[in-house]
Structure formats: structure tokens, C-alpha cells
Asks: 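First, the structure itself, so that you have it in front of you.
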Amino acid sequence: MKNSNELCLPLCLPFACFEAESRNMEMATQTPFYSHYYAEMLLVQEGMPHLTLDQEELDLRPGEVVMICPRVRHRISVAEDERFHMIVLRIDPDRVPSFPDYAPGLKSILAEARRVQAPMRISAEEAKKIGLPSLFTQILQEKRDRRYGYDMGITSCLGILCLVMVRFWMEHGVVLPSRETQVDPIYSLSAYIQSHLREGLRVEDLAEYCGLS
């Protein structure tokens, strides 16, 4: 019997989980700048990588957790002889997790958090207190084992992770949008692709959907 995710195209999956370390990132001292439609959460396990988030410079420490919102330009830098290891979670905010009807969707919350420059780093002490390292580890183990229903297990853990992050922002003064707000259509690109997979999509179609050339 095949797992449900084995029947899906990789593009259709609402999450990704992997380990990143200086030895396997094909990098010298830093990666290029990236920005993308999905959100990322990083758990530093070893080393002290330097993270650039737009104009913010962060020296990360083991045990710390960082949220990278969609469309934020970011780059990881390390000293030439420095090693680091982290767990990386990628989350499609348009598809996971499901928020209740009384709350705005995750993509609206992420957009608001970025607009008001909410803190994106959780200290090692606080991350441990609210159980983030164990959730990261559980997600990574689910992916490695690929037992029946592992996609549902990962999705459930991601929902808790996002809820913890939203509560963290609220405790630091972020006011959630009162309703779902209009956000850049690129945030919904993966959902659009999934709903039109049988229509022979072209790059031009996707660019037009996002209002891009």
C-alpha cells in the first residue's frame, strides 16, 4: 500500500522538511539571497550561523527558532571554518494549516506580522519552554520513517508550530487582522496550480495570475 503523499506530485505537497548543514549546502561562506512564496521555520542545532532578513541582521545560536515570512529576502552566512546544522521546515501558508473560521488565514497573519516588523526569532529558552524543538524533531522523524499517515502527522505538528508562533507575536503586541485580507496572489500560487493541474498550465499563465511579466 502506498502512502498518500507518494501519489502526489512534489509541487502539491503543502510542506517540506530537511536538515541543512554547512558541509552539504555547497557554499563557501554564504548563500545567495532568496525570497519565495512559502514560509520557513529554522531550528538551529549546532553552530552560530548569521541570518540576514531584509535589513535585519541576526546571529543565531543553538536552540533558537526563526520564522521567515514569504517574500522576505534572506541569506545565511557562516565563517569559513564554521560548521552549523539546522532543521528547516517549509510551509505553504495557503494550504496548511487550516485556521478556524473566526480567525484570519495564516497568509494574512504572516503578511501583517511582516508589515508591523514583528519579532521573528524565539530564544532557545522560550523555544524549549513551549516545546518547539520536540515538534521539529517529531516532524523530521515522521518524514524519515514515512509510516502510514506521516503526511497527516506532519501537518498536525505544523499547525501547532504555527499556532505557537502566532501566540508569540500576539504576546509581543501584534494585533491580528479582524478578517481575511487581500494579499499578493503569489501567496496562493501553489493552490492555483494544484486546482488547474489538468489544464496544461504555462509559465505565462502563472505570471499573469500573479501580475508579473
Asks: Just wondering, are more than 12 heavy atoms of other shown residues or ligands nearer than 6.0 Å to CD in Glu57?
Replies: yes
Asks: Hey, can you tell me if Tyr34 and His74 have their rings parallel, tilted or perpendicular (30° and 60° cut-offs)?
Replies: tilted
Asks: Stepwise, does the side-chain contact (heavy atoms from CB on, under 4.5 Å) test hold for Cys157 with Glu142?
Replies: CA-CA 10 Å; Cys157 290; Glu142 287 278 4; 5.8 Å; no
Asks: Is any side-chain heavy atom of Val174 closer than 4.5 Å to one of Ile109?
Replies: no
Asks: Check the pair Phe168 / Ile130 against side-chain contact (heavy atoms from CB on, under 4.5 Å), numbers first and verdict last.
Replies: CA-CA 10 Å; Phe168 172 76; Ile130 57 184; 5.7 Å; no
Asks: Taking the side chain as every heavy atom from C-beta outward, state whether Leu58 and Glu56 have any atom pair closer than 4.5 Å.
Replies: yes
Asks: Does Asp59 reach the main-chain N or O of His50 with its side chain, forming a donor-acceptor pair under 3.5 Å?
Replies: no
Asks: Over all heavy atoms of both residues, which pair between Val44 and Met86 is shortest? Give the atoms and the distance, please.
Replies: CA-CB, 4.0 Å
Asks: Same cluster for Met152 and Leu158 if Ile/Leu/Val/Met/Phe/Trp/Tyr side chains link at under 4.5 Å?
Replies: no
Asks: Dump the intermediate steps for side-chain contact (heavy atoms from CB on, under 4.5 Å) on Glu126 and Val65, then the final yes or no.
Replies: CA-CA 9 Å; Glu126 187 166 6; Val65 173; over 6 Å; no
Asks: When rounded to the nearest 0.5 angstrom, what distance separates CD in Glu82 from CD in Glu46?
Replies: 8.5 Å
Asks: Please tell me whether Met48 and Leu42 are part of a single hydrophobic cluster in this structure, the criterion being side-chain heavy atoms less than 4.5 Å apart.
Replies: no
Asks: Considering all heavy atoms of both residues, which atom of Pro133 and which atom of Ala127 are nearest to each other, and what is their separation?
Replies: CD-O, 3.2 Å
Asks: As an exercise, state the distance from CD of Glu21 to CZ of Phe84, rounded to the nearest 0.5 Å.
Replies: 8.5 Å
Asks: To check you understand the geometry: which heavy-atom pair defines the closest contact between Lys143 and Tyr150, and what is its length?
Replies: CA-CD1, 4.1 Å
Asks: Rounded at 0.5 Å granularity, tell me how far CG in Leu89 sits from CG in Leu161.
Replies: 6.0 Å
Asks: For the residue pair Glu40 and Arg90, establish whether any side-chain heavy-atom pair is separated by less than 4.5 Å.
Replies: yes
Asks: Which residue pairs satisfy the salt bridge (Lys or Arg N to Asp or Glu O under 4.0 Å) criterion with at least one member in residues 60-69, sequence neighbours excluded?
Replies: Glu64-Arg121
Asks: Show your working on side-chain contact (heavy atoms from CB on, under 4.5 Å) between Leu132 and Val164 and close with a plain yes or no.
Replies: CA-CA 8 Å; Leu132 288 181; Val164 168; 3.9 Å; yes
Asks: Could you tell me which non-hydrogen atom of Glu19 sits nearest to which non-hydrogen atom of Arg144, and how far apart they are?
Replies: OE1-NH2, 2.6 Å
Asks: For Glu112 and Val175, work out which heavy atoms get closest and say how close.
Replies: CG-O, 3.8 Å
Asks: Once you measure the plane-to-plane angle for His36 and Tyr38, does it fall in the parallel (<30°), tilted (30-60°) or perpendicular (>60°) bin?
Replies: parallel
Asks: Using every non-hydrogen atom in the two residues, find where Cys17 and Ile87 come nearest and quote the distance to one decimal.
Replies: SG-CG2, 4.3 Å
Asks: What distance do Ile91 atom CD1 and Met41 atom CE have between them, rounded to the nearest 0.5 Å?
Replies: 6.0 Å
Asks: Give a yes or no answer on whether the side chain of Ser108 reaches the backbone of Pro104 with a donor-acceptor pair at less than 3.5 Å.
Replies: no
Asks: Is any side-chain heavy atom of Pro70 closer than 4.5 Å to a side-chain heavy atom of Pro93?
Replies: yes
Asks: Quick check for you: to the nearest 0.5 Å, what is the distance between Trp169 atom CH2 and Leu110 atom CG?
Replies: 5.0 Å
Asks: Would you give the length of the straight line joining atom CG of Leu51 to atom CG of Leu60, rounded to the nearest 0.5 angstrom?
Replies: 5.5 Å
